[in-house]
Amino acid sequence: MLVVSVMVVTGALFTATPAQAYTHNCGAFYGIGEGGAISYRYYSITSTYQSAFGNAQERWDETSPNSPGYFSKQQTNGDPMVEVRDGSYTWDAWARTSWQGCLFGDWLYNEVYVAFNSRNMSGLTARQKKIVAEHEIGHTYGLGHTSLTCSSGPSVMRQGSGKFSCAGDGPWSDDINGARAKYTP
């Protein structure tokens, strides 16, 4: 019996850890699965942040079928799943993603809000703004923050400016695998 216990402990020490983006926030979009549309709409937003979000959602869409769903811009006044806006806010962050709660693992009302803080993002390049938008889209999928570095495996879900120096553009494999794991039963 003692030998079996030691083998189990030893096996646990050498098991690979899952990707960091597998750390999830509480919610997800209900009914997305593979290939479902995630509607979004711009509210009170400048062309700078429309471009950042538009380029970011295109990058996430390019990862399909490896990431769940695809983003679809809503042209009407209907109720989108993602509301996107920008403004000069007093809070100290580049952007925020928020929701009203989650019920049984899904976003309440199947709705998420993304707000870019133009006051804090004004000094960022277009690429950096796009990567911030990719990060916020990761939150809309329900992904949490990571602590990955460029050398340990880049992730748009890393907080701060460290991800800006990583080669290429996100979302990177850790982000995609995290989103896929969240939506794959």
Side-chain angles (χ1 to χ4, degrees), residues 21 24-103 106-145 155-161 163-164 169-172 175-176 178-179 182-183:
H24 299 133
N25 288 327
C26 68
F29 291 114
Y30 177 75
I32 292 303
E34 298 217 14
I38 301 169
S39 62
Y40 70 94
R41 185 164 173 244
Y42 298 128
Y43 292 83
S44 303
I45 189 168
T46 62
S47 61
T48 298
Y49 297 98
Q50 280 187 29
S51 179
F53 187 88
N55 290 334
Q57 65 84 22
E58 286 175 7
R59 287 290 297 167
W60 273 100
D61 286 351
E62 288 171 3
T63 68
S64 188
N66 293 319
S67 61
Y70 65 92
F71 288 86
S72 174
K73 184 176 178 186
Q74 187 170 339
Q75 303 294 339
T76 67
N77 289 332
D79 189 24
M81 297 162 98
V82 182
E83 294 182 11
V84 187
R85 57 182 39 93
D86 74 66
S88 182
Y89 304 106
T90 58
W91 34 269
D92 189 28
W94 290 321
R96 281 192 178 164
T97 299
S98 60
W99 47 88
Q100 295 182 28
C102 56
L103 183 64
D106 294 316
W107 298 126
L108 196 59
Y109 307 115
N110 220 24
E111 193 166 73
V112 177
Y113 312 95
V114 174
F116 296 105
N117 192 347
S118 58
R119 183 176 63 88
N120 291 346
M121 289 182 70
S122 63
L124 298 180
T125 66
R127 177 183 179 268
Q128 291 169 336
K129 288 174 184 166
K130 178 180 65 73
I131 290 174
V132 169
E134 289 170 356
H135 176 96
E136 298 308 317
I137 289 173
H139 284 317
T140 71
Y141 274 127
L143 299 179
H145 289 132
S155 172
V156 297
M157 297 315 298
R158 178 180 178 188
Q159 285 187 287
S161 61
K163 60 186 166 270
F164 296 153
D169 287 331
W172 289 285
D175 308 305
I176 296 162
K182 177 131 185 153
Y183 286 84

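For the single chain, residues carry numbers from 1 onward in sequence order.
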About how many Å separate [atom2] of [Y] and [atom1] of [X], when rounded to the nearest 0.5 Å?
X    : Y    : atom1 : atom2 : result
I131 : E136 : CD1   : CD    : 13.0 Å
E134 : K130 : CD    : NZ    : 4.0 Å
T97  : L143 : OG1   : CG    : 10.5 Å
C102 : N110 : SG    : CG    : 12.0 Å

If we only count heavy atoms from C-beta on, is the [X] to [Y] side-chain gap below 4.5 Å?
X    : Y    : answer
F116 : T48  : no
R158 : H135 : no
P68  : F29  : no
Y49  : M121 : yes
Y40  : T140 : no
Y30  : W107 : no

Please, which pairs that meet salt bridge (charged side-chain N to carboxylate O under 4.0 Å, His left out) have at least one residue in residues 118-128, sequence neighbours excluded? R127-D169
Just one of Y141, W60, Y70 clears the side chain to side chain contact (heavy atoms under 4.5 Å, CB included) bar with I38, so which one? Y141
Do R59 side-chain atoms and G170 backbone N/O form a donor-acceptor pair below 3.5 Å? yes
Are the side chain of K182 and the backbone N or O of G27 linked by a donor-acceptor pair below 3.5 Å? yes
For L124 against K129, the heavy-atom pair lying closest together: O-CE, 3.4 Å
Considering all heavy atoms of both residues, which atom of C26 and which atom of W99 are nearest to each other, and what is their separation? SG-NE1, 3.9 Å
Can you list the residues that meet the salt bridge (Lys or Arg N to Asp or Glu O under 4.0 Å) rule with R41, with sequence neighbours excluded? none
Anything under 3.5 Å between a donor and an acceptor, one on a side chain of residues 78-95, the other on a protein residue two or more places apart or in another chain? List them.
residue	atom	partner	partner atom	Å
D86	OD2	T46	N	2.7
D86	OD2	T46	OG1	3.1

Show your reasoning for whether side-chain contact (heavy atoms from CB on, under 4.5 Å) applies to R96 and Y113. CA-CA 8 Å; R96 281 192 178 164; Y113 312 95; over 6 Å; no
Which residues satisfy the side chain to side chain donor-acceptor pair (under 3.5 Å) test with T63, sequence neighbours excluded? S67
Pairing residues for Y109 by the ring pair (Phe, Tyr, Trp, His ring centres under 6.0 Å) criterion, not counting sequence neighbours: none
Sequence neighbours excluded, the answer for side-chain contact (heavy atoms from CB on, under 4.5 Å) partners of Q50 is Y42, I45
